[in-house]
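Remarks on the structure that follows.
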Amino acid sequence: MRLTDFWTRLAEAFGPGYAASIARDQVLSQLDGRTIEQALASGEQAHVVWRAVCAAYPDRVPARLR
């Protein structure tokens, strides 16, 4: 998954403003206690981070985006 695809999916699932807030502020246990931005900055692959988002927010991420 490309980073552009990741950010597009995140914005589609949460809305552009809320997606930015989640990426910056929400710590996910699936990412070893890091935020989305921290995980990506440390070199975590986008598809791994996306799977963590899907696991953390199963009701917010539509099936077609998984």
Side-chain angles (χ1 to χ4, degrees):
M1 170 185 283
R2 295 182 189 169
L3 278 175
T4 55
D5 295 333
F6 173 87
W7 291 113
T8 299
R9 288 181 187 202
L10 194 66
E12 192 171 335
F14 295 96
Y18 191 47
S21 175
I22 287 174
R24 180 183 56 248
D25 301 325
Q26 185 66 47
V27 173
L28 300 179
S29 61
Q30 296 88 342
L31 297 174
D32 298 324
R34 298 176 291 176
T35 67
I36 291 168
E37 287 184 351
Q38 290 170 334
L40 291 171
S42 69
E44 195 69 65
Q45 294 183 9
H47 74 274
V48 172
V49 177
W50 183 247
R51 287 184 194 145
V53 170
C54 292
Y57 299 98
D59 296 334
R60 291 292 307 248
V61 178
R64 64 183 172 72
L65 295 177
R66 294 175 189 246

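Below, each value reflects all heavy atoms present in this structure, side chains not excepted, and no hydrogens, waters or symmetry copies.
Closest approach of Leu65 and Trp50 over heavy atoms only: O-NE1, 3.0 Å. Contact detail for Leu31 and Ala39: the closest heavy-atom pair is CD1-CB, 4.0 Å. Heavy atoms only, all atoms of each residue included: Val48 and Glu44 are closest at CG1-OE2, 3.4 Å. Residue Leu3 comes nearest to Ala46 through the heavy atom pair CD2-CB, 4.0 Å, listed as atom of the first residue, atom of the second, then distance.
Separation of atoms CD (Gln45) and CZ (Phe6) is listed at 13.0 Å; rounding is to 0.5 Å. Annotation: the span from Cys54 atom SG to Arg9 atom CZ amounts to 8.0 Å, rounded to 0.5 Å. From Ile22, atom CD1 reaches atom CD of Glu37 across 11.5 Å, with rounding to the nearest 0.5 Å. Here the CG atom belonging to Asp25 is positioned 10.5 Å from the CD1 atom belonging to Ile36, to the nearest 0.5 angstrom.
Linking Ile, Leu, Val, Met, Phe, Trp and Tyr residues whenever their side-chain heavy atoms come within less than 4.5 Å leaves Val27 and Val61 in two separate clusters.
Annotation: side-chain hydrogen bond (donor to acceptor under 3.5 Å, both in side chains) contacts involving residues 53-66, sequence neighbours excluded, comprise Glu12-Arg64.
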